[in-house]
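Take a look at the structure below.
All ligand and atom numbering here is 1-based and tracks the order in the structure.
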Amino acid sequence: MTVKTRIAPSPTGWLHIGTARTALFCYLYAKHHGGKFAIRSEDTDRARSLPEYEEEILAGLAWLGLEHDEFVRQSERVSRHQELLEKLVEEGKAYVSEEESKSEAGKMVQIVRLKNPGKSVTFTDLVRGEITFDTSDLGDFVIARAIDDPLYHFAVVVDDMDMEITHVIRGEDHISNTPRQILIQEALGAPRPAYAHLPLILAPDRTKLSKRHGATSIADYRSEGFLPEAFVNYIGMLGWNPGNDREEYSLAEFVEAFELDGVQKHGAIWNREKLLDVNQQWMRKLSDEDFIVQGGITAPDDTKLRMIVPLLKERAKTFKEARDMITGELACMFSAPTLDTALLTVKDVGGNTATHLQRLLNLFPDLHEGMTADEIKAVLMPYADTVSKEEGGRGAALWPLRYALSGEERSPDPFTLISILGAGESGVRIQNALDILKG
Ligand code: GLU
């Protein structure tokens, strides 16, 4: 038997984190077993389904690297659904019932109900073990709003049967749908797939993850500049445990390692900080060139941009942060800052800022092109170390030096700045700060 799984998103919204994680597990399980992974767009809710959602969901799954072997659009299968509804009615396993419409008072509609044998249904869930439901409470439940308009449960069962899905891996919120779907399967004489219901992804406060906890759609993470490799690595660990301490997995490594017995039963907590850290690790693995290209990073000066990639790798956790740094805290690498005298002298004790800057500038003839930040530090730090505690310590010299160079309260250290700006440009900026201090 070839394993075949499917992700069955409804295109009534953007691709959500939970769907992406379910899709990943479906993909991993199938590929681990040399099987196939299908996508089924469940677009039978005609009022709410939109082609642009379907497009975006497919683009999001492709971005994650979850290549599918088959694509099915549920709305294109309506005649098949109708054929099997009619068959069930003919066989007396379902019946058409004339009832008042729920949405339009007074209007009579012909809905289709399944003749429920009212037994208890037991299935083995590959995550949660044996589950038994008494289905007698469900009564003769509705399987179609009309003979040509099947409800979700019926369409899912028919499609899973026709697509030869062997493993239904989906969110835990579908557990209570399973007994209904098994009754429909039995009425149709369809084989029962194996079931695995995945724990939900919860917000840090253990409530259902929603917009108020931050972005929930994959598109938002894409535009924020997360790497798909990082995203896959992070969501792959949400509710799955390899049974050891290993945390870093590429998609191929997950395929190798993934088994459903590593899926935990309790909810998995979404942790943005952790995702950011994982993303940073993956960003740091990129060569400097790939970092610039994949991050869509542009700057006024290419040579300087190449020089600051190590700083971006050290500081940015998303590519958006990296891009923002080019126009924010690292803008000083590309153009001279406008200085604020109050900030220049904020660490001043006894009016010595100008003296410190002048003394540091006097050491500049000892600097030359190509020096590393450490070598520059070795030239300038001894002066800063001479500033006594009473006069504000080394910070009284290093703060105005750094601020004169960057014009930012937060920036790389002054030695790193000089190593990138060059001694010439740095000297000009320090002289400019001195001129401002002279008034
Ligand atoms: N279309 C359903 C949903 O988006 C999934 C159905 C299933 O996986 O069985 O929740």
Side-chain angles (χ1 to χ4, degrees), residues 3-30 35-58 60-61 64 66 68 70-78 81 121 123 125-128 131 133 141 143-145 149-185 188 190-201 208-210 216-218 235 239 260 263 267:
V3 167
K4 190 169 178 193
T5 62
R6 76 337 185 242
I7 182 74
S10 305
T12 53
W14 310 116
L15 178 60
H16 183 273
I17 290 167
T19 310
R21 198 268 316 246
T22 302
L24 174 61
F25 286 14
C26 288
Y27 175 89
L28 296 179
Y29 186 77
K36 293 200 179 334
F37 166 66
I39 300 178
R40 184 169 69 229
S41 179
E42 302 211 318
D43 60 343
T44 41
D45 181 342
R46 288 169 210 158
R48 291 172 57 228
S49 297
L50 291 178
E52 47 268 47
Y53 287 136
E54 184 183 283
E55 220 171 89
E56 190 270 344
I57 290 169
L58 290 175
L61 294 172
L64 293 168
L66 309 183
H68 55 280
E70 183 180 341
F71 176 74
V72 169
R73 193 172 286 123
Q74 201 160 50
S75 59
E76 289 167 9
R77 294 183 37 80
V78 171
H81 300 147
V121 166
F123 64 96
D125 187 282
L126 295 175
V127 175
R128 309 172 70 89
I131 298 177
F133 278 93
F141 56 88
I143 55 175
R145 278 175 289 252
D149 191 5
L151 281 186
Y152 153 72
H153 293 299
F154 188 78
V156 163
V157 170
V158 171
D159 293 347
D160 284 343
M161 171 179 80
D162 287 351
M163 291 167 72
E164 299 180 334
I165 298 302
T166 59
H167 291 74
V168 170
I169 301 172
R170 58 186 175 187
E172 196 178 85
D173 44 336
H174 287 289
I175 284 194
S176 63
N177 294 332
T178 307
R180 272 193 185 81
Q181 294 177 7
I182 287 175
L183 291 178
I184 298 172
Q185 261 155 27
L188 286 168
R192 186 189 293 188
Y195 286 97
H197 288 94
L198 307 175
L200 297 182
I201 300 175
K208 189 169 183 284
L209 188 66
S210 72
T216 53
S217 89
I218 301 304
I235 62 174
L260 283 169
V263 175

Residue, atom and distance of the protein heavy atom nearest atom 10 (O) of ligand 1 read H174 NE2, 3.0 Å
Would you mind checking which non-hydrogen protein atom is closest to atom 6 (C) of ligand 1, with the distance to 0.1 Å?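 Of every protein heavy atom, Y152 OH, 3.2 Å lies nearest to atom 6 (C) of ligand 1.
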request  = State, with a plain yes or no, whether a side-chain heavy atom of I182 is found less than 4.5 Å away from one of Y195.
outcome  = yes
Ligand 1 to A8, heavy atom cutoff 4.0 Å, flagged ligand atoms 1 (N), 2 (C), 3 (C), 4 (O), 5 (C)
Review point. With a 4.0 Å cut-off on heavy atoms, does R6 reach ligand 1?
Key: yes
task = Mind telling me whether H167 and Y29 have parallel, tilted or perpendicular rings, with 30° and 60° as the class edges?
result =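 Geometry flag for H167 against Y29: tilted rings.
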inquiry  = Under a plain distance cut-off of 3.5 Å, with no hydrogens placed, do R170 and H197 share a side-chain donor-acceptor pair?
reply    =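 R170 and H197 do have a side-chain donor-acceptor pair below 3.5 Å.
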Nearest heavy-atom contact between A20 and L64 is CB-CD1, 3.8 Å
